[in-house]
Amino acid sequence: MLSYRHAFHAGNFADVLKHSVLSLVLDYMTRKEKGFCYIDSHSGAGMYQLADEYSQKTGEYKDGIAKIINDEDAPESLEPYLSLIKSLNLASDRKTDPSADISTDTSNDLDVYPGSPGIAKAFVRRQDSSHLFELHPTDIQHLEDFCQRWRKVFVKQSDGYQGVLGLIPPPSRRGVVLIDPPYELKEDYHKAVKTIIKAYEKFSTGTYILWYPVVKRELVEQMSYTFTKSSVKNVLQVEFCLESDTDEYGMTGTGLFIVNPPWQLTSQLEEILPYMKTKLGSDDTSYTLNQLIAE
C-alpha cells in the first residue's frame, strides 16, 4: 500500500511533537565535533508547500505549527524547532521577493513546512552523513529534488526497515535513526519495534526515535510490551493526545519511543508538553512522559 501522503498532515500537532524532539536530538548530536550518521526509514518528500491542494484540503497545520510559530511565550526548549521553521519560511519569502527584508518576519503566513529530512538538513554538518529511504514513487522524486544540493546524503527508493539494518552500526559509531512509517498496515506497529530491537542488538549506543499514531490503544500497548520484553535499555515514551481514546476511526493522539535519549530531553519535554496542551489542545487533551525502560 502506497496511498499515504504526508502532505495532507504536514505541520499538524503530531509533527510539532515529532519534529521538536528530532530537532533537540540533532542539536545535541552536533555539540560534539565527531560526525554522526542520520538514518530516516520513511522520509517522505523532504519539504511541503502549505499552499498546495493537499495541505489546504485538511488545513491541519492551522491547528498545529501555525498556532505557535510566532508565539513569544514559547518555551526555550522549542527554540531549535521554531527557529528552523521561521528561517525556512523567511528564505522562502526571499526567493519569492528578492528585495524582502529577511531580518524581520512581518507575516504570519507559513509557506513551507519541512519533513524530517528538511529538519535533518538544517542540523547536519560536513562531517555528518544522511541516509534517506522512501518507497512512494511521487515522494521519492520530490525527495531527490530536495536533496540535490545536500552533501553526503544518500537517497534510496527501497524498504526503509531493511535500509536501517543494513547501515547499522555506522562507521562513526554515532547515529540517530528515525522510524516514522505511515502505519497503513497494522503490521507496521510490530515491524517498527522489531526493527529497532534488531538494530539495538547491533548498535546499542545509537539514538532511535520511533513515531506512532494513537488510533487503537491496544496497538500502542503491544508496542510497549514488545520493548519491555526485549534487551533494549533506556527507553523514554512520550505521548500527546488531543482527545480521549475512542473506538471510532481516526487518530486521537501521537507518541514517540526514544531509545538512548539525550540526558536533558526529559526536562525539555516537561516544558514542551504542557505548553502544547495550552496552545494546541483543550480540556480533553492529555499527555504522558514515562521512562518505559531504565538505563
Side-chain angles (χ1 to χ4, degrees), residues 5-7 9-11 15 18-20 22-52 54-55 61 65 69 79-105 107 109-158 160 163-164 166-167 170-172 174-180 209:
R5 301 296 304 279
H6 191 68
H9 314 292
D15 271 1
K18 174 174 59 181
H19 290 152
S20 60
L22 180 60
S23 297
L24 290 169
V25 169
L26 294 174
D27 180 64
Y28 177 80
M29 293 296 288
T30 61
R31 296 180 187 179
K32 289 187 178 180
E33 187 64 26
K34 187 177 181 181
F36 68 92
C37 178
Y38 172 73
I39 306 172
D40 196 328
S41 68
H42 298 76
S43 296
M47 190 69 68
Y48 300 95
Q49 302 294 325
L50 295 179
D52 72 17
Y54 299 107
S55 294
Y61 74 93
I65 184 60
I69 186 63
E79 178 62 21
Y81 167 64
L82 293 178
S83 292
L84 168 57
I85 306 303
K86 289 178 183 178
S87 66
L88 288 171
N89 280 278
L90 288 172
S92 176
D93 289 343
R94 186 60 180 267
K95 285 181 180 179
T96 304
D97 180 7
S99 65
D101 179 6
I102 64 171
S103 63
T104 58
D105 185 7
S107 172
D109 292 335
L110 284 162
D111 299 317
V112 297
Y113 186 84
S116 46
I119 299 287
K121 185 179 180 181
F123 286 94
V124 295
R125 307 154 300 175
R126 295 173 63 90
Q127 62 267 46
D128 306 320
S129 63
S130 303
H131 298 263
L132 313 177
F133 297 90
E134 177 56 46
L135 278 174
H136 196 284
T138 301
D139 281 350
I140 190 66
Q141 291 297 322
H142 291 314
L143 183 62
E144 289 175 346
D145 291 342
F146 174 71
C147 293
Q148 279 186 357
R149 292 182 175 84
W150 184 351
R151 295 186 61 193
K152 295 184 71 174
V153 63
F154 305 91
V155 180
K156 293 183 179 179
Q157 187 178 13
S158 61
V164 167
L167 292 169
S172 65
R174 299 186 72 225
V176 175
V177 176
L178 174 65
I179 296 184
D180 178 21
I209 304 171

Apply side chain to side chain contact (heavy atoms under 4.5 Å, CB included) to residues Ile85 and Leu110 and explain how you reach the verdict.
CA-CA 9 Å; Ile85 306 303; Leu110 284 162; 4.0 Å; yes
Taking the side chain from Ser43 and the backbone from Phe133, do they hold a donor-acceptor pair closer than 3.5 Å?
yes
Could you go through the side chain to side chain contact (heavy atoms under 4.5 Å, CB included) check for Leu132 and Phe146 one step at a time?
CA-CA 12 Å; Leu132 313 177; Phe146 174 71; 5.9 Å; no
Look up atom OG in Ser55 and atom OH in Tyr61, then write down how far apart they are to the nearest 0.5 Å.
7.0 Å
Sorted by chain and residue number, the side chain to side chain donor-acceptor pair (under 3.5 Å) partners of Thr30 (sequence neighbours excluded) come out as none
Would Glu134 and Val155 count as a side chain to side chain contact (heavy atoms under 4.5 Å, CB included) here? Give the steps.
CA-CA 8 Å; Glu134 177 56 46; Val155 180; over 6 Å; no
How many angstroms lie between CD1 in Ile140 and CG in Asp145, if you round to the nearest 0.5 Å?
10.0 Å
For Arg151, check side chain to side chain donor-acceptor pair (under 3.5 Å) against everything at least two apart and list the hits.
none
Tyr48 to Pro114 - nearest heavy-atom pair and separation:
CD1-C, 4.3 Å
Let me confirm one number: the CD1-CD1 distance from Ile179 to Ile209, rounded to the nearest 0.5 Å.
10.5 Å
Which heavy-atom pair separates Val124 from Ser130 by the least distance, and what is that distance?
CG1-OG, 3.8 Å
Only counting residues at least two apart or in another chain, list the ones meeting side chain to side chain donor-acceptor pair (under 3.5 Å) with Glu79.
Ser83
From Phe154 atom CZ to Ile39 atom CD1, the distance as rounded to the nearest 0.5 Å
11.5 Å
Can you list every pair that meets side-chain hydrogen bond (donor to acceptor under 3.5 Å, both in side chains) and has a residue in residues 32-42, with sequence neighbours left out?
Glu33-Gln127, Tyr38-Asp40, Asp40-Ser116
Please test Asn89 against Val112 for side chain to side chain contact (heavy atoms under 4.5 Å, CB included), starting from the C-alpha separation and ending with a verdict.
CA-CA 6 Å; Asn89 280 278; Val112 297; 3.8 Å; yes
For Pro117 against Leu143, the heavy-atom pair lying closest together
CG-CD1, 3.9 Å
Just jot down the side chain to side chain contact (heavy atoms under 4.5 Å, CB included) partners of Ser87, sequence neighbours excluded, or say none.
Leu84
If I take atom CG from residue Leu88 and atom CG from residue Leu90, how far apart are they, to the nearest 0.5 angstrom?
9.0 Å
Which pair of heavy atoms, one from Ser172 and one from Cys37, lies closest together, and at what distance?
OG-N, 4.2 Å
Rounded to the nearest 0.5 Å, how far does CD1 of Ile69 lie from OH of Tyr113?
9.0 Å
If we only count heavy atoms from C-beta on, is the Lys121 to Cys147 side-chain gap below 4.5 Å?
no
So for atom NZ, which belongs to Lys152, do other residues, nucleotides or ligands contribute more than 12 heavy atoms lying within a distance under 6.0 Å?
yes
Check: residues 22-29 side-chain donor-acceptor pairs under 3.5 Å, at least two apart:
| residue | atom | partner | partner atom | Å |
| --- | --- | --- | --- | --- |
| Ser23 | OG | His19 | O | 2.8 |
| Asp27 | OD2 | Arg31 | NH2 | 3.1 |

Minimal non-hydrogen separation, Ser129 against His131, with atom names:
OG-NE2, 3.9 Å
